[in-house]
Amino acid sequence: MIMALAIFLLLGLLLSSSCEAYKALVVFGMPSTSHFHLGNGVVRNLLKDGHEVTYITPIEYKNAQPNLRQIDVSSNFDVLPTYQINLKHLMEAPTPSGHRKFVKLMLINLVVKTLEHENVQRLLNDTNEHFDVVIVEHMMADLSASYATIFDCPLIWVSPVEVNALSIGLIDVLPNPAYTTDAMALYTAPFTFLERLEELWMRISDSYNDYMVYEPTEEAEYQRLIVPQLQKRGRQAPPYSEVRYNATLVLGNSHVSTGIALGLPQNYKSIGGYHIEEEVKPLPEDLEKIMMNSKNGVIYFSMGSNLKSKDWPEEIKRDLLKLFGELKQTVIWKFEEELPNVPKNVHILKWAPQPSILAHPKCVLFITHGGLLSTTETIHYGVPTIAIPVFGDQFINVKKAVARGYALEVKLSHSIAAELKVAIQEMLNNPKYRQRVKELSYIYHDRPVKPGAELRHWVQHVVNTRGAPHLRSPALQVPLYQRLYLDLAALLLVVILVLKVLLRNLYHRIRPKKTNVNIKKKDKKN
Ligand SMILES: *[C@@H]1O[C@H](CO)[C@@H](O)[C@H](O)[C@H]1NC(C)=O
Ligand SMILES: *[C@@H]1O[C@H](CO)[C@@H](O)[C@H](O)[C@H]1NC(C)=O
């Protein structure tokens with residue numbers, strides 16, 4: 001309570017004292033709708049306060065205001081191989097956690113391609129450009145930290161996923177692998193013995209790969225793409241290792257209601273849900289009518305924006321339509337193509353206003369792929385879910401949702417319709433899932449400030465204090481050998497060795513007398 005009051009007062013003070021507009025560069029290069037939504041959340045909040053925003057994005061931000069300048073990198077859609085997210089491919093060979101190295105190198109390449117993009121080059125080439133803060137989405141590659149180095153201003157990372165080892169490692173020492181994972185892990189704490197070993201092994205092999213492969217790769221690109229820009233501005237290039245760990249803040253798309261309650265560095269701020277607009281937009285008239293007229297509630301089904309409808313096998317589409325047709329509920333299915341023989345209670349939408357549907361009191365169930373944005377939205381609006389994870393962090397999101405008691409998991413398979421039927425019956429007949437999600441929704445909303453306001457506050461704080469050095473973890477200044485007390489261990493080892501030598505010398509000095517005695521004894525016997 002006192003804490004809440006203090007934060008409230010502090011906010012009031014800051015808002016009244018510092019409303020000067022600043023210039024921000026926002027970089028969200030991932031060619032994906034959900035990442036675009038996260039970027040929009042940042043941009044929308046900064047524009048709200050009247051700041052000047054430059055937005056590097058592969059998708060256009062619609063209805064832009066004059067204080068927004070967009071830098072188009074839509075060619076990023078050609079950089080990422082999309083066969084990875086092909087449904088058929090994933091059904092035949094589900095490899096959710098493998099290929100860590102492959103994914104990491106692919107994402108480094110994406111950052112390089114974004115930096116090399118003609119439109120971005122034009123921005124970087126202009127030595128008159130100036131920014132007060134750079135806000136970049138962190139997608140595994142650290143090289144995008146160099147935007148802030150070029151413009152010599154504070155860097156803020158946005159982590160698109162829950163609190164994890166990788167995002168903490170940007171601003172502090174890595175958390176203990178005995179109870180923390182990274183975003184691609186397949187299990188949550190508490191770990192079994194084998195899971196704990198696997199996590200430790202991953203941490204060690206990641207560090208090894210970072211040292212041998214990732215950092216040298218990024219460093220080479222840094223020398224090629226960034227150092228000339230610094231020279232052009234008459235500045236000496238700092239070493240890359242300094243650039244990548246120079247962030248002032250991590251703004252995490254995370255919250256304890258959806259993630260874990262880990263002790264966090266002072267400059268890690270959980271602002272999960274900031275991308276959701278505070279006011280729910282009204283539904284289109286026809287959709288409102290469909291939802292209001294459903295006597296037994298509405299089931300909303302969407303597999304997100306990455307899985308394309310053309311990849312769905314025909315027999316699965318047919319089985320799902322048959323299953324939905326047998327239900328008493330109305331089903332709204334977000335699917336990009338027309339389907340033949342759609343039952344009366346099923347409505348196919350090419351595009352769905354997801355927040356407005358989930359917010360509707362008639363919505364009783366959400367069948368989802370378990371992407372982080374959908375997971376956050378389902379808690380935000382308090383709707384229980386059946387989740388069908390297919391890619392990336394969806395597996396861990398769904399594991400957590402099931403463990404929290406508001407979701408059921410259904411595996412992607414050829415018999416998915418039969419399994420889904422069982423899960424739907426359980427969900428609709430057992431009230432515990434709905435109760436649980438309402439509890440979590442209360443926890444999610446019960447914060448001293450709304451996530452959007454918190455975002456605006458911390459960005460302003462970083463600008464006002466030029467990088468908020470007072471928030472940085474002292475651990476970054478302490479080398480590994482000191483953190484592990486290896487110097488103490490070395491000292492103890494030396495002391496032990498010296499003692500051993502001393503004792504041996506002492507022993508040797510005493511021993512001759514002893515042997516004399518022994519010889520005398522022997523002599524006597526003889
Ligand atoms: C940016 O500058 C580099 C040389 O510093 C030049 O090769 C490149 O063509 C320029 N690009 C644009 C788009 O201005
Ligand atoms: C580190 O960040 C500060 C501001 O927070 C900035 O002025 C400085 O140029 C950055 N240094 C490097 C090496 O990026």
Side-chain angles (χ1 to χ4, degrees), residues 18 20 22-27 29 42 46 51 54 56-58 69-76 79 111-138 141-159 167 169-172 215 218-251 265-269 455 457-477 479:
S18 57
E20 227 160 274
Y22 53 75
K23 290 179 84 172
L25 173 64
V26 179
V27 186
V42 174
L46 299 189
H51 303 299
T54 301
I56 298 184
T57 171
R69 168 174 55 160
Q70 304 195 54
I71 295 186
D72 171 72
V73 289
S74 50
S75 60
N76 277 5
V79 178
V111 173
V112 170
K113 287 291 184 294
T114 310
L115 279 165
E116 279 177 343
H117 195 288
E118 193 191 344
N119 295 343
V120 176
Q121 279 293 312
R122 200 170 300 125
L123 176 84
L124 302 183
N125 277 357
D126 185 351
T127 49
N128 292 322
E129 282 292 350
H130 154 84
F131 293 103
D132 299 300
V133 63
V134 167
I135 304 173
V136 195
E137 183 184 32
H138 187 259
D142 300 347
L143 182 63
S144 33
S146 12
Y147 287 100
T149 310
I150 292 178
F151 295 110
D152 191 21
C153 69
L155 166 72
I156 295 176
W157 289 120
V158 175
S159 165
S167 54
L170 293 167
I171 46 171
D172 204 347
E215 187 167 283
E218 292 191 325
E219 162 110 49
E221 298 295 351
Y222 172 73
Q223 294 296 341
R224 184 172 72 86
L225 291 164
I226 310 300
V227 170
Q229 295 289 357
L230 298 175
Q231 284 163 349
K232 204 189 288 178
R233 288 165 171 78
R235 300 214 314 269
Q236 203 160 23
Y240 178 63
S241 56
E242 213 172 281
V243 170
R244 68 187 287 213
Y245 294 117
N246 193 38
T248 66
L249 282 187
V250 172
L251 296 175
Q266 289 287 331
N267 51 352
Y268 187 104
K269 304 295 174 190
L455 179 148
H457 167 78
W458 287 115
V459 176
Q460 183 81 59
H461 183 77
V462 162
V463 171
N464 289 356
T465 61
R466 187 133 179 107
H470 50 278
L471 291 180
R472 294 201 192 185
S473 166
L476 288 179
Q477 307 297 325

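Quick note: numbers below take in every heavy atom, side chains included, and nothing from hydrogens, waters or symmetry partners. Numbering of ligands and ligand atoms starts at 1, following listing order. These figures come from a predicted structure and were not determined experimentally.
Taking a cutoff of 4.0 Å between a charged side-chain nitrogen and a carboxylate oxygen, Glu116 and Arg224 qualify as a salt bridge.
Every atom of ligand 2 is numbered from 1 in the order shown, and the set under 4.0 Å from a heavy atom of Pro238 is 13 (C). Near Arg466, the atoms of ligand 2 lying under 4.0 angstrom from a non-hydrogen atom of the residue are 7 (O). Counting atoms of ligand 2 from 1 in the listed order, those under 4.0 Å from a heavy atom of Gly467 are 5 (O). Close contacts between ligand 2 and Arg472 involve ligand atoms 5 (O) [criterion: under 4.0 Å to a heavy atom]. Within ligand 2, counting atoms from 1 as listed, the ones closer than 4.0 Å to a heavy atom of Asp152 are 6 (C), 7 (O), 8 (C), 9 (O). Heavy-atom proximity to Thr248, at under 4.0 Å, picks out these atoms of ligand 2: 5 (O). Set against the non-hydrogen atoms of Thr149, the atoms of ligand 2 under 4.0 Å away are 14 (O).
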Quick check for students: name every N or O atom pair between ligand 1 and the protein closer than 3.5 Å, with distances.
unit_1, atom_1, unit_2, atom_2, d
ligand 1, 2 (O), Asn125, OD1, 3.0
ligand 1, 2 (O), Asn125, ND2, 2.4
ligand 1, 11 (N), Asn125, ND2, 2.9
ligand 1, 14 (O), Asn125, ND2, 2.9

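The shortest N or O to N or O distance between Glu242 and ligand 2 is not under 3.5 Å.
There is a side-chain donor-acceptor pair under 3.5 Å between Thr54 and Arg69. Counted by atom type alone, Gln460 and Asn464 present one or more donor-acceptor pairs between their side chains at under 3.5 Å. Side-chain atoms of Ser75 and His117 form a donor-acceptor pair, as typed in the model, at a separation below 3.5 Å.
In this structure, Ser159 has no side chain to side chain donor-acceptor pair (under 3.5 Å) partners at least two apart in sequence or on a different chain.
Within the 4.0 Å heavy-atom cutoff, Arg235 does not count among the residues contacting ligand 2.
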